[in-house]
Amino acid sequence: MRAGRFKEDGREIHVSGAEGLFTVAGIQRAVKSYINRAMGHSKARPENITITIEEIKERPLRVPILPVTTLSCASSSEAREIIKSILLRHEIKERIIEKALNLLYSGLNMRGAILMDHITGKRLEPDRERGVRASRLGVEKESLKGLKRYLEKMGINTITVREALVLASKVAHCPDIIVEVCISDDPDYTTGYVASKEFGYQRIPSIKKRGDRAGGRVFFVRHGSDIDGIIYYLEKRPVVCVMR
Ligand code: AMP
């Protein structure tokens with residue numbers, strides 16, 4: 001699902017987007033909930049909502065759900081320092097980290113993510129306005145209860161967290177993506193995360209101030225990797241996440 005609204009200058013703002021893998025029997029319910037989500041989004045009331053339904057022919061890849069931790073953080077400036085220290089542990093250089101953070105805090109209004117070369121900092125997504133959107137992802141049916149229980153114990157069993165965790169788990173299992181940073185563009189949602197296969201899904205509260213519309217995602221891509229292969233994996237490869 002994607003929902004947008006046109007500004008006075010004719011440019012479209014991205015209001016809301018979501019994707020999932022469903023059985024045929026689950027389609028109606030999913031579509032209904034996507035429409036409700038688009039219409040109730042706190043960012044803006046959408047002018048157009050597009051729903052695309054595609055049959056999946058490829059057998060989904062199974063990847064484990066990343067372990068979740070919540071870090072302690074009281075302000076966006078502290079968040080920047082925390083993100084920096086995590087990215088440094090992934091061998092991303094300070095100059096590249098600054099570039100990524102400046103982009104993320106600048107109000108990108110992209111539908112998808114930035115792909116950033118982890119050595120040069122070059123942006124590699126073919127369309128800089130749109131970005132690359134991870135799609136065709138979901139939770140294995142047998143794992144959903146376990147996932148809910150796992151998050152419930154931490155008091156964070158919400159659709160927002162479940163969906164972000166599933167997205168991050170798919171992304172982290174792309175062999176050429178080293179680490180992801182996410183700030184929601186929802187003005188009411190101020191917890192972001194850094195996620196990687198190596199260190200799991202690390203939630204960062206107060207990553208931005210309430211009311212701030214800025215947000216986005218950066219996927220740091222291993223230098224010299226096959227970009228078309230990465231985009232295929234993110235956009236097209238069906239992946240279901242499982243609880244271990
Ligand atoms: P959200 O967490 O939905 O508020 O999204 C925050 C930002 O992450 C959006 O503004 C997009 O730039 C990006 N984003 C959202 N969904 C996806 C996705 N499925 N794949 C890649 N990037 C995404």
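We're numbering straight along the sequence, starting at 1. Every number for a ligand or one of its atoms is a count from 1 in the order of the listing.
Judged by the shortest distance from any of its heavy atoms, Gly131 lies outside the 4.0 Å radius around the atoms of ligand 1. Contact annotation: Asn109 has no heavy atom less than 4.0 Å from any atom of ligand 1.
Considering backbone and side-chain atoms alike, Leu167 places every N or O at 3.5 Å or more from each N or O of ligand 1. At under 3.5 Å, not a single nitrogen or oxygen of Gly215, backbone or side chain, sits near a nitrogen or oxygen of ligand 1. At least one N/O-N/O distance between Ala134 and ligand 1 falls below 3.5 Å.
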- Task: Run the numbers on Arg217 and Tyr193 for side chain to side chain donor-acceptor pair (under 3.5 Å), then give the verdict.
- Result: CA-CA 10 Å; Arg217 278 181 163 89; Tyr193 67 81; 3.1 Å; yes

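With salt bridges taken as basic N to acidic carboxylate O contacts below 4.0 Å, one links Glu163 and Arg37. Ionic pairing of Arg130 and Glu125 is not present here: no N-O contact between side-chain nitrogen and carboxylate oxygen is shorter than 4.0 angstrom.
Cluster note: Tyr34 groups with Met1, Phe22, Ile27, Val31, Ile35, Met39, Ile49, Ile51, Ile53 through ILVMFWY side-chain heavy atoms spaced under 4.5 Å, whether in direct contact or through intervening members.
At least one cation-pi condition fails for Lys145 and Tyr150: the charged atom is not both under 6.0 angstrom from the six-membered ring centre and inside a 45 degree cone around its axis.
Annotation: atom 9 (C) of ligand 1 to nearest protein heavy atom, Asp185 OD2, 3.4 Å. In this structure, the protein non-hydrogen atom closest to atom 7 (C) of ligand 1 is Gly216 CA, 3.6 Å. Nearest protein heavy-atom contact of atom 4 (O) of ligand 1 is Ser184 OG, 2.8 Å. Nearest non-hydrogen protein atom to atom 5 (O) of ligand 1 is Arg217 NH1, 3.2 Å. Considering only non-hydrogen protein atoms, atom 16 (N) of ligand 1 sits nearest to Arg133 NH1, 3.1 Å. The shortest contact between atom 21 (C) of ligand 1 and any protein heavy atom is with Val132 O, 3.2 Å. Of all protein heavy atoms, the one closest to atom 11 (C) of ligand 1 is Met110 O, 3.2 Å.
Within 6.0 Å of CD in Glu58 there are more than 12 heavy atoms belonging to other residues, nucleotides or ligands. Around atom CD of Glu91, no more than 12 heavy atoms belonging to other residues, nucleotides or ligands sit under 6.0 Å away. Within 6.0 Å of NZ on Lys84 lie more than 12 heavy atoms contributed by other residues, nucleotides or ligands.
Under a 4.0 Å criterion applied to the non-hydrogen atoms of Ala113, ligand 1 contributes the atoms 21 (C), 22 (N). In the vicinity of Ile183, heavy-atom distances shorter than 4.0 Å reach the ligand 1 atoms 6 (C). Close approach of ligand 1 to Glu19 is summarised as follows: ligand atoms under 4.0 Å from at least one heavy atom of the residue are 19 (N).
Checked by atom type, the side-chain pair Ser196/His90 shows a donor-acceptor distance below 3.5 Å.
Here atom 23 (C) of ligand 1 lies nearest to Arg111 when heavy atoms of Arg111, Glu235, Lys170 are compared.
Each of Leu115, Asp117, Leu103 was evaluated against Arg123; a single residue qualifies, Leu103, per the side-chain contact (heavy atoms from CB on, under 4.5 Å) test.
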